[in-house]
2 protein chains.
Amino acid sequence: MGGTAERLLDLAEARIREAGYGGFSFRDLAAEMGIKSASVHHHFPTKAGMTAAVARRYRERFFEIVAPRRDKSGDEAIAIYRSAFRSAIEQDGRMCLNGMLGAAAGGLPPEVAEEVKAFFRRCVGDLSSRVGGPDAVARAFHVMAALEGGLILARAFRDITAFDQATASLNTQGQP
Amino acid sequence: MGGTAERLLDLAEARIREAGYGGFSFRDLAAEMGIKSASVHHHFPTKAGMTAAVARRYRERFFEIVAPRRDKSGDEAIAIYRSAFRSAIEQDGRMCLNGMLGAAAGGLPPEVAEEVKAFFRRCVGDLSSRVGGPDAVARAFHVMAALEGGLILARAFRDITAFDQATASLNTQGQP
DNA sequence: GTCTATAATTTGATAGAC
DNA sequence: GTCTATCAAATTATAGAC
C-alpha cells in the first residue's frame, strides 16, 4: 500500500485534473517524487498507458463510492452522484478526470479515450437504471452533463457556488 | 478579410477546441498554413497572447449570434443558446472553446483564464436577465453547465445524440 | 527500483537578412 | 511578411550500470 507506483498515479491524476493530458510530464512527476524520470518509466513504460491506468483507478474508486448504496434510487441516486462530484472540486479545486479527458477526447491516445468512454457509459447505465421511467436515459445524460459542466463553471470562476447553483435543480426536478 | 492573422486564429481555434491549450503549437499552425513558425510569431508574439485573441474573437462571434434576438426571452433564449452550442459540435465535432479552456483553467496563463471567465460571466448575465424570475441566475448557471457538459458527453461517445439527450429537458423545464 | 547518460524530437521564442 | 538560422529548454523514451 502506498507504493511508488500508487503515489505516481496520485500525482498524475492531480496534474491531469488540473491541466489535462498535455499538462503533465514524467519529469514533473519524478521531480515531485524526488526520483528521476527514467524511474517513472520503469513503473509505467508509456504516458498513454499511465494515463489509462489513472483512468481505470479513478473509475473503480468512483463506483466504490457511488455503487454500494444501490438500494437508493431516483432523486437519492442523483444526490449521491452530485455529492461525489462536488467533493472532487471541494477537496482540491480540480476537474473530474473524465470530464477533463472527455473534452479533449479528439486528441487522446485511443486506449485513454476508451477508458473515458467506459466511465461515462457506466455512469449513464447506473443512473438511468436507478432513476427509472420512460426518460431515464435522457435524464441520466442530463445529470452527468450538468455535473461535468458545473465543474467547468466552478473552475472558470474559481468559485464552488457556481457548481452549487448549476446543479441545485437536479434533485428537485421531479420524476416522470 | 481572410488575412494571414485571421486564418491563423481559425487554425488555432480548431486545435484548441480539439486538444486544448497544450494541444497546439506554432509549428503545427505554420505547417498547416504553409509558412514557418517564425512568421506566426510575427503576427502573434506569444502563445498566451494568441490564445487570448482566439478567445476574444470567439466570444464576440458567439454574442453576435446569440444577442441580436434580444426580444426573445425565457425558453426561447435557452433554445437559442442550445442551438448555438449544438452547431459547434455538429459542424466539426469539437468542444466549445471556453468549455475546453475552462476545464483546464488552473494551468492557463492568467490573461487566457480572464477571457474564459469573461465569456461565462456574460453568458450567465445575458441568460439570467432573459429568463427572469427569482431563480434566474441559478437557472442560467444550470443551462450553461448542461450545454458544456453535453458537449463533453458527445465528444466522449463521439455521438451527437448524447448532447441532444443531455439538453432535451432544458427548454421544457418550465419557469418558476 | 533507481540511477546516469543519452537519443531523437518538439517546443516557444529571437535575431537578422530579404 | 516571410524567410533562414538558431537557441535554450522540455519532451517521451531507451540502454545499461548498480
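Only this structure's heavy atoms are used, side chains among them; waters, hydrogens and symmetry mates stay out. Order of the sequence lines sets the chain letters (A, B, ...), proteins ahead of strands, with each chain counted from 1. Computed from a predicted model, the values in this text were never measured in an experiment.
- Distance B/L29 CG to C/dA13 P: 12 Å, rounded to the nearest Å.
- Ring geometry for A/F63 against A/F119 counts as tilted: the plane angle lies between 30° and 60°, on a 0 to 90° scale.
- Each of C/dG12, D/dA13, D/dT2 was ranked by its minimum atom distance to the side chain of B/H43; first place goes to D/dT2.
- Ring pair A/F24/A/Y21 is perpendicular by interplanar angle, where above 60° counts as perpendicular and below 30° as parallel.
- In this structure, A/H41 and A/F26 have tilted ring planes: the angle between them lies in the 30° to 60° band.
- Computed from coordinates, the B/D28 CG to C/dT10 P distance equals 10 Å when rounded to whole Å.
- If you find the closest nucleotide of DNA chain C to A/R27 and to A/G34, the one lying nearer the 5' end belongs to A/G34.
- Remark: the backbone N or O of B/G93 is paired with a side-chain donor or acceptor of B/R155 at under 3.5 angstrom.
- Summarising the geometry, the separation between NE2 on A/H41 and P on C/dT6 is reported as 17 Å, rounded to the nearest angstrom.
- Across all strands, B/F24 comes closer than 4.0 Å only to sugar-phosphate atoms, never to a base (heavy-atom distances).
- Phosphate contact (OP1/OP2 of D/dT11, side-chain N/O of A/S37, threshold under 4.0 Å): absent.
- Between A/C96 and A/F62 the shortest side-chain heavy-atom distance does not fall below 4.5 Å.
- Rounded to whole angstrom, the span from the CZ atom of A/F26 across to the P atom of D/dA13 amounts to 6 Å.
- Here B/T4 reaches the OP1 or OP2 of D/dT2: one of its side-chain N or O atoms lies under 4.0 Å away.
- Nearest to the side chain of A/I35, among D/dT4, C/dT2, C/dT11, sits C/dT2.
- In this structure, A/S25 does not reach the D/dA10 phosphate: none of its side-chain N or O atoms is under 4.0 Å from OP1 or OP2.
- Contact annotation: B/H42 does not reach the phosphate of C/dT14 (side-chain N/O to OP1 or OP2, under 4.0 Å).
- Residue A/S39 is classed as a base contact, given a heavy-atom separation below 4.0 Å to a base.
- Residue B/K47 places at least one side-chain N or O closer than 4.0 Å to OP1 or OP2 of C/dG12.
- In this structure, of D/dA13, C/dC3, D/dA5, it is D/dA13 that holds the atom nearest to the side chain of A/T46.
- Between A/M33 atom CE and C/dC3 atom C1' the separation is 14 Å, expressed in whole Å.
- Following rounding to the nearest Å, B/E6 (CD) and D/dG1 (C1') show an atom-to-atom distance of 17 Å.
- Atom NZ in A/K36 sits about 14 Å away from atom C1' in C/dT6, given to the nearest Å.
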